[in-house]
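Below: the structure, in structure tokens.
In what follows, every chain begins at residue 1, and chains take the letters A, B, ... in the order their sequences are listed. As the structure is a prediction and not an experimental result, all values here were calculated from the model.
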Number of protein chains: 2
Amino acid sequence: MSRWGVLVLLALSEGTLRWGELRREVDGISEKMLASTLRTLEADGIVVRTSYPEVPPRVEYSLSPLGEELMQRMLPLVGWVAEHAEGIVEQQA
Amino acid sequence: MSRWGVLVLLALSEGTLRWGELRREVDGISEKMLASTLRTLEADGIVVRTSYPEVPPRVEYSLSPLGEELMQRMLPLVGWVAEHAEGIVEQQA
DNA sequence: CCGTATCCTTGAAGATACTG
DNA sequence: CAGTATCTTCAAGGATACGG
């Protein structure tokens with residue numbers, strides 16, 4: 001799971017989101033990458049996709065129980081990296 | 001940091017290792033990837049490289065304090081993934 | 001023993017356009 | 001709204017050979 005996977009999961013860890021919301025939430029992701037990322041995460045059983053047979057179509061994505069477990073372990077790491085990323089980049093100079 | 005980065009850090013989280021030991025410990029890594037992975041991790045301040053001016057040359061790699069902090073947050077995640085990876089792959093079928 | 005240098009392949013990811 | 005299709009680019013990574 002790549003950079004985009006983490007960002008998508010991060011967005012979903014705050015609650016269920018629709019396709020369009022995810023596109024806006026995950027900054028800079030292309031439609032192609034969002035689609036393939038979501039398909040992978042769904043195949044892995046980490047994300048649940050629910051589509052409502054309406055017009056216009058509505059599709060919601062949320063974390064599965066497995067996904068919740070995963071994020072519980074991933075959030076501390078992501079937080080730490082976010083805090084230290086700046087310092088790490090600086091130090092390289 | 002890629003797959004190799006994680007595996008190298010995982011090996012080093014059990015203690016200091018020499019170049020040759022890392023090559024054997026991290027299964028399947030090429031010399032090129034080990035070199036570039038170590039250079040990146042060192043530049044990031046996560047790994048410390050110590051070379052002893054001896055003949056034959058001896059070089060040791062270990063986690064920096066920053067690296068220790070990082071691994072403290074990464075180990076639970078890695079453990080969880082290791083436990084669930086099999087089930088996730090199965091479920092895809 | 002501890003790497004560096006080079007060439008090459010392959011897959012990730014961006015851009016763009018289109019559809020049920 | 002929620003995607004798919006196609007084309008292209010670019011860098012990660014493998015293979016191999018060599019050097020201090």
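A straight line from CD of B:Glu21 to C1' of C:dC2 spans 13 Å, rounded to a whole angstrom. Across the protein-nucleic acid pair, B:Arg3 atom CZ and D:dA11 atom P stand 21 Å apart, rounded to whole Å. When the C1' atom of D:dG14 is taken as reference, atom CD1 of B:Ile29 falls 12 Å away, rounded to whole Å. Straight-line distance from the CG atom of A:Leu38 to the P atom of D:dC1: 16 Å, rounded to whole Å. Protein atom CD of B:Glu31 is 10 Å distant from nucleotide atom C1' of D:dT16, rounded to whole Å. For B:Tyr52 and D:dG20, the OH to C1' distance is 20 Å, given to the nearest whole Å. Atom CG of A:Asp27 and atom P of C:dG14 are 12 Å apart (whole Å). The interatomic distance linking A:Arg39 (CZ) with C:dA12 (P) rounds to 12 Å, in whole Å.
At a cut-off of 3.5 angstrom, the base of D:dG3 holds no donor-acceptor pair with the side chain of A:Lys32.
Checking side-chain atoms of A:Thr37 against main-chain N and O of A:Leu34 turns up no donor-acceptor pair under 3.5 Å.
Residue whose closest nucleotide on DNA chain C sits further toward the 5' end, between A:Ser2 and A:Pro57: A:Ser2.
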For residues 45-54 of chain A, tabulate all N or O donor-acceptor pairs below 3.5 Å that involve a side-chain atom, not counting sequence neighbours.
{"residue": "A:Tyr52", "atom": "OH", "partner": "A:Glu60", "partner atom": "OE1", "Å": "3.3"}
{"residue": "A:Glu54", "atom": "OE1", "partner": "A:Arg58", "partner atom": "NE", "Å": "3.4"}
{"residue": "A:Glu54", "atom": "OE2", "partner": "A:Arg58", "partner atom": "NH2", "Å": "3.1"}

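Across all strands shown, A:Arg49 has heavy atoms under 4.0 Å from sugar-phosphate atoms exclusively, and none from any base. The residue A:Arg18 sits close only to the backbone: its heavy atoms come under 4.0 Å of sugar-phosphate atoms, none of a base.
Pairing each heavy atom of B:Gly5 with each of B:Leu41, the nearest pair is O-CD1, 4.3 Å.
Among C:dG3, D:dA2, C:dG14, the nucleotide with an atom closest to any side-chain atom of B:Trp19 is C:dG3. With distances taken from any side-chain atom of B:Trp4 to the nucleotides D:dA2, D:dG13, C:dG14, the minimum falls on D:dG13. Candidate nucleotides C:dC2, D:dC1, C:dG3 were compared by shortest atom distance to the side chain of A:Pro56, and D:dC1 ranks first.
One finds a side-chain N or O of A:Tyr61 lying less than 4.0 angstrom from the OP1 or OP2 phosphate oxygen of D:dG3.
Applying the salt bridge (Lys or Arg N to Asp or Glu O under 4.0 Å) test to residues at least two apart or on different chains, the pairs with a partner in residues 20-33 of chain B are B:Arg23-B:Glu31.
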Practice problem: Please assess A:Leu77 against A:Val81 for the test side chain to side chain contact (heavy atoms under 4.5 Å, CB included), listing each intermediate value before the final yes or no. | Solution: CA-CA 6 Å; A:Leu77 177 61; A:Val81 170; 4.2 Å; yes

